Every structure is written in structure tokens, then in C-alpha cells.
Amino acid sequence: MQNEEIARIFHELADLLEIKGEEYFKIRAYRNASRILAGLDEPVKEAWKGGRLNKIPSIGKNIAAKINELLTTGNLKKYQELLEEFPPGLLAMITLPGLGPKKAGMIREKLGITSLEELAAAAREKRLRSLPGLGVRTEDEILRNIELRQSRAGRALLDLAGNIAAELTGYLELLPGVARVEAGGSLRRWKETVGDIDLVVASDDPNTVIESLAGHYRIANILEKGYDGAKFQTKWGIAVELEIVPEEVFTLALFRNTGSHAHFEKLQGLFEKKENPAAAALAGKIGEQDIYAMLDLPYIPPELREDRGEVEAALERRLPDLVKLDAIKGDLHVHSTWSDGLAAIEQLADKAKAKGYQYMAVTDHSRSLHIARGLSLDKLQEQHEVIRELNKKQEDFRILTGIEVDILPKGELDCPDEVLKEIDVVVASVHSAFKQDRETMTARLLAAMENRNVDIIGHPTGRLLNQREGYALDLERVLEAAADYGTILEINASPNRLDLSDVNARRAKEKGIKLAINTDAHDLKRLDEMPYGVAVGRRAWLEEKDVVNTMPAGKLLKYLRRR
DNA sequence: GCCGTTTTCGGCCCGACTGTTTTCAGTCG
């Protein structure tokens, strides 16, 4: 059992206890534990084996015993009991924005509703608006959010899909007779969410591969089975589709499987127009670049294969030289224990250094964000003093002073200019009043960008994938302003944000706007999420020069001070 | 349920916004 799974159980346990009406602090303790486990940089199992569970903060005697129970039996009695007491549909209900345990409990009591489907039906029949504390607006909001969720049903976030794919790939590779295994489909193209996990396997014995995977502990059941392929349901909900081919045609199969469909069709059109198609050569040990070469095209990386002009650009030899992960020289948005992060500045810096970075900006929350223990002005100064001291002890790495300053509802910043002026990296973000109308929200962001002390706008649209739409925003005007003022926009690499999106980041690039690819890490583990952000950048056609944190430290600092 | 040079019980405990009300409960970051 992996950290994320244990963390998820404690998270749901907290939700269930909240529905039950358990004491606030007990619920919070489970939430804290869940967060700590999800952010742990080593497998919980290792700490458990080594008898070090009690060394982990927020894990006390009780929760350690529950982790022990989970790792020993694979189950948690208390959790199972609560699941029986409260239908799982109720858990889904309280994850809807605007609907918490109280209202969900009341809806259940008054109308007997225990699932999203029933709730949607009741909303459509206008039966929610007459309940105490609910009205027409809440009813509309509930229905809108259920429909948003259903429209994305079954689509997994990249990290979950990637982790499952990696685990299954590792398993399949060890099977006798299996020569190669690769994930294809939208996962290989690093699309922001993934429908099915597509795996292409080179083997002469399809049946053994299918049977073996059917027995894997991640697999819940088999959905379809054919001679050279099968589809499975995993225990996490996401489906896995297997395509098994002889080794000689593996590359071709992977290429087709990777898609996108539109990209593939366009290339097929080119192929059919060719005068001397040399298709016979497409066997044996070829690579994907040989497929493109056969069409007189340079290699097109998977991230670009969306039929968004990449084939035309390849024909005209003007494909971008896409930014690569190893070009990233630092992370410009990281939280420490000074606000709501879980790791100390030194720990974060050590890990950043180990990644080969040259710098990292510590950007803790500003004073108004109380829930995140936003820093008072005094604390902020104190932190920056600490950072300056730490920098004296090292020459090959630079910790940059920073802040993630709230853009307050009226557009003013949550920190005086004279303080901001002295800070290396100022990330400005919206964390409150998300429901402002489009005009107000746009003006709010514009006001922040106009401030010359602001370097970067953090997670510019505020969306949470599969959870919440971004705030109402005239992004076109925001982009125009960013171009005018020279404000950097963030690509937030967290898999549940990926904000800006690939499409919007490409629009930004076309306007000459620079981007920063940041993890927004709140713990050591999430410093590892940079590849997701780089993938968004690549899907946005970004080159190294478009991304500010590919610059060496000195050049970056000069760039940030230019305004 | 966790935590402890304010130790083994009692503290932990924000504050704005929203939609519903007509003074506030529920939700959320």
C-alpha cells in the first residue's frame, strides 16, 4: 500500500467523521495526518518497518496503530464501519463545491438522497430550493457542479494515471516473453487528464500477458478481452487498455496508439499522397523518427501531436525546440514551514540542490491568508534574514527571498510596496473571493500586474482539475496586460492545477509573454512535480527562452529587477 | 487525535464570503 492510498483513506475517514458530527479537532488530526503522509518523501512502509512511525509529525499512537492495521491487514475496521453507516454517495456529495457535511446530511434526512445521481435529479425537479438554508442559486450551483463532474467522469489526473502506468509497466516487463512495454495514448502525450491508460506490449504470447495482468492486485476486473488485447478496470476507477503486438511492429503500434487521432490521420493523408511510398521498410528495428523521416518530416515529440499546426510546422521546418526538464535551473514558487508548507527551508534547499537546481525561491503566504498561517510583515523580514544567513554558508546554490502575496478582493496587494521592493521573487495570486464577476476579477488581476513589484502571477486562472472551474476571467485582457507590463505568468506544475493550461500558455507565448514553470510545492515530495509543468510547457510549444527559470541565477535576478 | 522548556490534561480554535436570511449557519481556502 502506497502513501497516497493510506493518505486517501485518512482523508475520507475525516470526511466520514465530519458527517457523523465528530469533534472538530479529531477530524483535523486525521486531515493533518493525511496531508503529512501524502507529502512524505519516503514510503510509509519503510518508516513502519523501521519502527519510525512515531517520529513522523502528526502521527501519534492512534494513527500509527491504524497505519499498522492497514499495512498488516490491508484494511481499516473503523473506516469500513463508517462506510457502512454512511453510503459512499454521501462522500461524493460533500466534495461538491458549496456542499458540506451539514447540508448534505440535511438533504439526506429530508429527501433520502444518498448519491450524486439522485441529487442531480432532485435539483432538476427543483426539489432542493425549498429546503431550509437552500435556495435557487444553491440548487443551480449543485446541478452545474454535478454536470461538470460527470462530463469529466473517469478522467484521471496525470500523476495518478502515470503512477499506475509505471507500476503496471514494471510488472509486465518482467513477464517471460515480453520484450517491451510502453504507455501510449494521451498519457504519453502528457494531456492534462487521462481517460484510459493505454499500454503497448511486445510479446508473442498475448494470452499469458492478459492473464497475468488480470491477476495483478491493482486490477478490479476485466471489461473486454480479445486475441491481442484486453481492457481492465483498475481499483482506482481508471481503465487500462492493453495492445499486444509482435516485437517487429512495436514502434508502429506505439506510434499509432499514441495518437492523437487527428495527428495520425493527418500523417496518413501525407503518406497516401506520397509518390513512392516505401512502406515495406517499416519493420524490424526502427524508431519513431524513422516513421517521420519516411514522410520527410523531422521527429515530432508526443506532446505536440494534437493536430494544432505541428504537422504544418514540421513540413516547413519550423518546429519549436521544446523546453526540456533538465533546462530548468530552479523553482520559483515553494512553501516552507514558515507558512503552510511541511518542510523546512534547509530541507527544501537540499532537495532542490540535489535536483541540480541553482536556485529556489521561498514564497510563503502573505499575512491575510490566515488559514495558511500567512506571514506577518515582521515574520517575513525575519524569514528573509534567515535566508540571507543560509546563503552565506553556500556558494553553489542560492535561496531567493520571496513571497506569494495575496491579490486582495479589490486588487490591492497584501504587502506594502516598500517591502515588496526588497524581495527577490514576488508571486501574486488570488486566494479569496473566487465568485467575483468577470469584470471585477479581471480588473483585480490587472491591478496586481500593474504593480511593478509583482514578478509572477501564480496559478492565473485558479482552476482545480476535476474539482473547480477557474474564476470568471477575461483571459485575453489579462494576457494583453501581461504583455504590456512584462509580467511573467506561471505554469503551476501541480497535477491538480496545471494552470496556465497548455492552450493558454501557448496564447501567452504568442503574445511574447514569459512563463515560469513552478511546483508550488508544500512538501518535499511535490518538488518532484516539475515534469508535469514542463510537459504543459512543451504542449504549449514553449522553448527554453520562453521560460524564465531556465536562466542562470544571476541573469534571472537581473531580469526580475528590470521593470 | 496530537502535542508538550506553558508536558500527561487541556489547548488546539481564522475570518471572509455566500446565500440565505432579517441575524446567521455553513462553507472554504
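Chain letters run A, B, ... following the sequence lines, proteins first and then strands; every chain starts at 1. Just so it is clear, the structure is predicted and the values come from calculations on it, not from any experiment.
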Using whole Å, report how far [atom1] of [X] lies from [atom2] of [N].
| X | N | atom1 | atom2 | value |
| --- | --- | --- | --- | --- |
| L128(A) | dT20(B) | CG | P | 11 Å |
| L37(A) | dC2(B) | CG | C1' | 14 Å |
| D520(A) | dG29(B) | CG | C1' | 13 Å |
| L13(A) | dG1(B) | CG | C1' | 11 Å |
| R31(A) | dC2(B) | CZ | P | 15 Å |
| Y471(A) | dC28(B) | OH | P | 18 Å |
| L131(A) | dT21(B) | CG | P | 11 Å |
| R35(A) | dG29(B) | CZ | P | 14 Å |

I'd like the [atom1] distance from [M] over to [N], given in whole Å.
| N | M | atom1 | value |
| --- | --- | --- | --- |
| dC13(B) | dG1(B) | C1' | 15 Å |
| dT20(B) | dC14(B) | P | 26 Å |
| dG26(B) | dT22(B) | P | 15 Å |
| dC12(B) | dT6(B) | P | 14 Å |
| dC2(B) | dT8(B) | C1' | 12 Å |
| dA16(B) | dG11(B) | C1' | 25 Å |
| dG10(B) | dC17(B) | C1' | 32 Å |

Any donor-acceptor pair under 3.5 Å from R438(A) side chain to L473(A) backbone: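 Confirmed, R438(A) side chain pairs with L473(A) backbone.
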Side chains of [X] and [Y]: do they bring a donor and an acceptor to under 3.5 Å?
| X | Y | answer |
| --- | --- | --- |
| E490(A) | H459(A) | no |
| Q2(A) | K45(A) | no |
| T95(A) | R149(A) | yes |
| T442(A) | D474(A) | no |

For K110(A), look at atom NZ and say whether over 12 heavy atoms of other residues, nucleotides or ligands are found less than 6.0 Å away.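 No, not enclosed.
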Flag if over 12 foreign heavy atoms under 6.0 Å of NZ, K126(A):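 Open.
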Using a 4.0 Å heavy-atom cut-off across all strands, classify [X] as base, sugar-phosphate, or nothing.
| X | result |
| --- | --- |
| L134(A) | sugar-phosphate |
| V430(A) | nothing |
| K410(A) | nothing |

G-U wobble or Watson-Crick pairing nucleotide for dG29(B) (cut-off 3.5 Å, both distances):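 Because both required distances fall under 3.5 Å, dG29(B) counts as paired with dC14(B).
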Looking at residues 39-64 of chain A, who's got a heavy atom less than 4.0 Å off DNA chain B?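 P57(A), S58(A), I59(A), G60(A), K61(A), N62(A), I63(A), in order of number.
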Looking only at side-chain atoms of R468(A), point me to the closest of dG29(B), dG1(B), dT20(B).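 Within the option list, the nearest is dG29(B).
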Just the atom pairs and distances: protein N or O near nucleotides 22-27 of chain B's N or O, under 3.5 Å.
unit_1, atom_1, unit_2, atom_2, d
dT27(B), OP1, G100(A), N, 2.6
dT27(B), OP1, G100(A), O, 3.1
dT27(B), OP1, K103(A), N, 3.0
dT27(B), OP2, K102(A), N, 3.2
dT27(B), O5', G100(A), N, 3.4

Distances under 3.5 Å between nitrogen or oxygen atoms of protein and nucleotides 10-18 of chain B:
none

Does R468(A) make a cation-pi contact with F434(A) (under 6.0 Å, within 45 degrees of the axis)?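 Output yes; distance and angle both within limits.
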Centroid-centroid distance, H370(A) to H365(A), less than 6.0 Å: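 No, too far apart.
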